[in-house]
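Quick note: numbers below take in every heavy atom, side chains included, and nothing from hydrogens, waters or symmetry partners. Just follow the structure's listing: the first ligand is 1, and inside any ligand the first atom is 1. All figures in this text were calculated on a predicted structure; none of them were measured in a lab.
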Amino acid sequence: MTRGITPRQPARTGRHEGIRRGKPGNLALRMARTGESARPHKDRATKARKPRSKAYNPTAPERVQEILKRLDSIYPDVTCALQHNSAWELLVATILSAQSTDVRVNMVTPELFRKYPTVQDFAALQPEQLQPDVRSTGFFRNKSKSVIGAAKKIVSDFGGQVPDQMDQILTLPGVARKTANVVLGTWFGKAEGVVVDTHVHRVSRRLELTRNDDPKRIEQDLMKIIPPTKWTLFSHQIIWHGRKLCIARRPKCVDCPLENICHAAGKTWSTVEIHKGAR
Ligand code: SF4
């Protein structure tokens, strides 16, 4: 043996012999007999691959349509629960309803509008005079300031009439998009957006119609997937649904007609899989 050259030793694992793939010659023989090609058969390759599952899209038009259809059948004629006889009364009631309940506001407003029948009556008040009348709705100091501020502006800038344009109504003190959408949609029949109150916020997220937490963004998300003709009705339907069945603490999922298309994480009963992000 030449010096310096070490003969190659067989590996203990047998790797030096290569990977055994059946008896040599078998493949060539079979190909010759059957006329099969060496390239993998298209059908065989397709069969081997796992079929791709269709990705779940919670805002797919057909799912949104199904939700709207079911809401229509549960709440066909719902409207705003705040009692009112004019745009001004609805505006005041909506301002008072913040952080309160419609039931509570409806207990306060009849007497309030008997005492101060016109917007001019409110405009002539000092906040301290109004506070005792709205105290039970909570945050009464701010609410009194907003109501009287809005009354003064309506009298001075809009001839005593609640404006019916979004950009104008938003100039009133204490009026943000939620209040503006309630008044424009319910009284003037103008669908300028979707009302996002605490119920719409919660239920839209549970139904995965939005992943946002900010009311403005939630409204934008909903406006993208709900047809404009449905904006006002949809808001009322979801508000009613949030009050009656999809309540905050213990939603009544067992009674909910949306149950089998709802994957909310906080469900109390479910026949479908739960999505952690739906909360
Ligand atoms: S199934 Fe439950 S969580 Fe989902 S919308 Fe209905 S009440 Fe709400």
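Here the side chains of Leu258 and Cys253 are not in contact, with every heavy-atom distance at 4.5 Å or above.
Side-chain atoms of Arg206 do not come within 3.5 Å of backbone N or O of Ala264 as any donor-acceptor pair. Remark: side-chain polar atoms of Thr171 are paired, donor with acceptor, to backbone N or O of Gln168 under 3.5 angstrom.
The only option from Phe188, Phe158, Trp187 that meets the side chain to side chain contact (heavy atoms under 4.5 Å, CB included) definition with Asp164 turns out to be Phe188.
Among all protein heavy atoms, the one lying closest to atom 5 (S) of ligand 1 is His241 NE2, 3.7 Å.
With sequence neighbours excluded, the residues that form a side chain to side chain contact (heavy atoms under 4.5 Å, CB included) with Asp157 are Lys153.
Listing protein N, O or S atoms at distances below 2.8 Å from atom 2 (Fe) of ligand 1, with waters left out, gives Cys253 SG.
Under 4.0 Å is where a charged nitrogen must lie from a carboxylate oxygen, and between Glu66 and Arg70 at least one such pair does.
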